[in-house]
Amino acid sequence: MRAKSVLVLFAIVAGPVLAASAPAVAANPAPSAFMSLVQVVLALLLVLGAIVGCAYLVRRIGGGALGGSRDLRVVGGVMVGQKERVVIVESGNEWLVLGVTAHSVNLLSRRDKPEGGELPPQSPLPENFSRLFQRVLAKSKAS
């Protein structure tokens, strides 16, 4: 009986206090859809900016293990299969001829660096294909 009277007394005293605080909570409406969209876009821009900033720092610092070595340079290469290549890598004063596959890299030959130090530049397209393509373009423009 005593517990019931305490609960009734609490309801009488706390009821108006709780009722008075309820309109204050309802006075703050939920954010609009536009403001929610603005918040999402700003958060996305912040994350993308952090990614770009980190990428810039890694490139700027050089990355040690992340970056490439300054002692090695790929001089040239040719595809010999769908996933196989023969690559010439310059290391100091020598060229390494490497066979590169999807699963391994094998040393094929080791040679001294030539006097010129560079392979002659090669066109990615054979010369006869280039001429043929130019003729086809000229014919299509004439038509």
Exercise. Excluding sequence neighbours, so at least two apart, what forms side chain to side chain donor-acceptor pair (under 3.5 Å) with R110?
Worked result: E94
Could you list the donor-acceptor pairs under 3.5 angstrom formed between side-chain atoms of residues 30-45 and any protein atom two or more places apart in sequence or on another chain?
{"residue": "S32", "atom": "OG", "partner": "M35", "partner atom": "N", "Å": "3.3"}
{"residue": "S36", "atom": "OG", "partner": "S32", "partner atom": "O", "Å": "3.2"}

Problem set entry | Hydrophobic cluster (4.5 angstrom, side-chain heavy atoms) - remaining members for M79 | none
Extract all donor-acceptor atom pairs below 3.5 Å that involve side chains of residues 101-109 and protein atoms in other chains or at least two apart in sequence.
{"residue": "T101", "atom": "OG1", "partner": "H103", "partner atom": "N", "Å": "3.3"}
{"residue": "T101", "atom": "OG1", "partner": "S104", "partner atom": "N", "Å": "3.0"}
{"residue": "T101", "atom": "OG1", "partner": "S104", "partner atom": "O", "Å": "3.2"}
{"residue": "T101", "atom": "OG1", "partner": "S104", "partner atom": "OG", "Å": "3.2"}
{"residue": "S109", "atom": "OG", "partner": "R111", "partner atom": "NE", "Å": "3.4"}

Exercise. Going from NZ on K141 to NZ on K139, what distance comes out if it is rounded to the nearest 0.5 angstrom?
Worked result: 15.0 Å
Exercise. Quick one: NZ on K113 to OG on S91, what's the gap to the nearest 0.5 Å?
Worked result: 10.5 Å
Problem set entry | Partner of V89 under side chain to side chain contact (heavy atoms under 4.5 Å, CB included), chosen from V97, L98, V100, V75 | L98
For this session: Only counting residues at least two apart or in another chain, list the ones meeting side chain to side chain contact (heavy atoms under 4.5 Å, CB included) with V52.
Result: none
